[in-house]
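Below you'll find the structure, written out as structure tokens, and then a few comments.
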Amino acid sequence: MSDTYYEFGTAAERWDRAQFFFGSKEYTIAARILGGLVEEVPEQVAPRLLLARAYYHSARLGRAESELREVLERDPVEQYARLMLGRTLERQGRQVEADTHLRMAAALSGDFTPTGSA
């Protein structure tokens, strides 16, 4: 990866830049910035989630899945990561596996409706 101006600066400046590029639908650039942030602060969820979203939107689904699984390893009840992982797996044609994560996401958000008769 070649160094460009948006890969320099404080973590806060790079975070702002990454959000700007993501918001501008420049997902590849956002991912480059976020990759460096995630390496610096791997314990922080927000940069990793945005990185996963950037990967998802740029059709790098394997990378999105890896980042989301890392988030869930650190925080198994992160509802948004569960939802995103389910959507990522769906997009890869892995519906059975996706359904598990989507049900967990729904339960964590309070939207879970049990199936079957009452």
Side-chain angles (χ1 to χ4, degrees):
M1 163 170 46
S2 66
D3 292 334
T4 55
Y5 82 92
Y6 48 77
E7 294 166 331
F8 293 99
T10 67
E13 290 168 339
R14 287 178 286 139
W15 172 246
D16 287 343
R17 246 180 251 126
Q19 289 180 305
F20 170 79
F21 282 111
F22 185 89
S24 300
K25 298 183 181 184
E26 295 288 344
Y27 303 118
T28 303
I29 296 171
R32 286 176 59 184
I33 299 165
L34 290 161
L37 286 172
V38 166
E39 285 179 19
E40 280 181 44
V41 286
E43 70 283 356
Q44 290 189 5
V45 171
R48 197 175 290 273
L49 277 176
L50 192 58
L51 177 58
R53 289 178 65 199
Y55 285 149
Y56 178 87
H57 287 295
S58 60
R60 294 184 282 175
L61 302 177
R63 288 183 178 192
E65 179 183 348
S66 293
E67 293 301 328
L68 293 165
R69 289 189 185 279
E70 184 64 33
V71 168
L72 291 170
E73 186 174 306
R74 294 167 187 275
D75 185 1
V77 295
E78 169 52 58
Q79 184 268 336
Y80 189 67
R82 287 273 172 210
L83 176 64
M84 279 194 62
L85 181 55
R87 297 290 181 229
T88 300
L89 293 168
E90 272 184 331
R91 201 165 161 197
Q92 293 178 67
R94 296 160 59 189
Q95 191 62 51
V96 172
E97 195 177 349
D99 287 344
T100 301
H101 292 285
L102 294 172
R103 281 193 303 274
M104 283 194 274
L108 289 168
S109 73
D111 292 337
F112 183 72
T113 304
T115 56
S117 59

Under a 4.5 Å cut-off applied to non-hydrogen side-chain atoms, are L68 and L49 in contact?
yes
Indicate the atoms forming the closest heavy-atom contact of S109 with Q79, along with that distance.
CB-NE2, 3.7 Å
Residues in side chain to side chain donor-acceptor pair (under 3.5 Å) with E40, at least two apart?
R14
Rounded distance (nearest 0.5 Å) linking atom CG of L108 with atom OH of Y80
15.0 Å
Side chain to side chain contact (heavy atoms under 4.5 Å, CB included) partners for Q19, two or more places apart
W15, D16, L50
With a 4.5 Å cut-off on side-chain heavy-atom distances among I, L, V, M, F, W and Y, is there a chain of contacts connecting M84 to V45?
yes
Separation of L51 CG from S66 OG (nearest 0.5 Å):
10.0 Å
What residues form a side chain to side chain contact (heavy atoms under 4.5 Å, CB included) with V96, not counting sequence neighbours?
none
Non-hydrogen atoms of G86 and A98 that approach each other most closely
O-CB, 3.2 Å
Taking the side chain as everything from C-beta on, heavy atoms only, tell me whether L61 gets closer than 4.5 Å to Y56.
yes
Which atom of P47 lies closest to which atom of L37, heavy atoms considered:
CB-CB, 4.5 Å
Do L102 and L85 sit in the same hydrophobic cluster, where Ile, Leu, Val, Met, Phe, Trp and Tyr count as joined when their side-chain heavy atoms come under 4.5 Å apart?
yes
If every non-hydrogen atom of A81 is compared with every non-hydrogen atom of L72, which pair is closest and at what distance?
CB-CD2, 3.8 Å
Once rounded to the nearest 0.5 Å, what's the spacing between atom OG1 of T88 and atom CG of L83?
9.0 Å
In short, A18 meets A30 closest at the heavy-atom pair O-CB, 3.7 Å
Among residues two or more places apart or on two chains, list those pairs meeting ring pair (Phe, Tyr, Trp, His ring centres under 6.0 Å) that have a residue in residues 27-50.
F22-Y27, Y27-H57
Answer yes or no: is there a side-chain heavy-atom contact under 4.5 Å between V77 and D75?
yes
With sequence neighbours left out, which residue pairs that include part of residues 56-68 fulfil the salt bridge (Lys or Arg N to Asp or Glu O under 4.0 Å) condition?
R48-E67, E65-R69, E65-R94
Name all residues meeting the side chain to side chain donor-acceptor pair (under 3.5 Å) criterion together with D99; count only those two or more places apart in sequence or in a different chain, and write none if there are none.
Q95
So, using side chain to side chain contact (heavy atoms under 4.5 Å, CB included) as the criterion, who are the partners of E43 when residues are at least two apart?
V41, R74
Going by the salt bridge (Lys or Arg N to Asp or Glu O under 4.0 Å) test, which pairs reach into residues 77-89, not counting sequence neighbours?
R87-E90
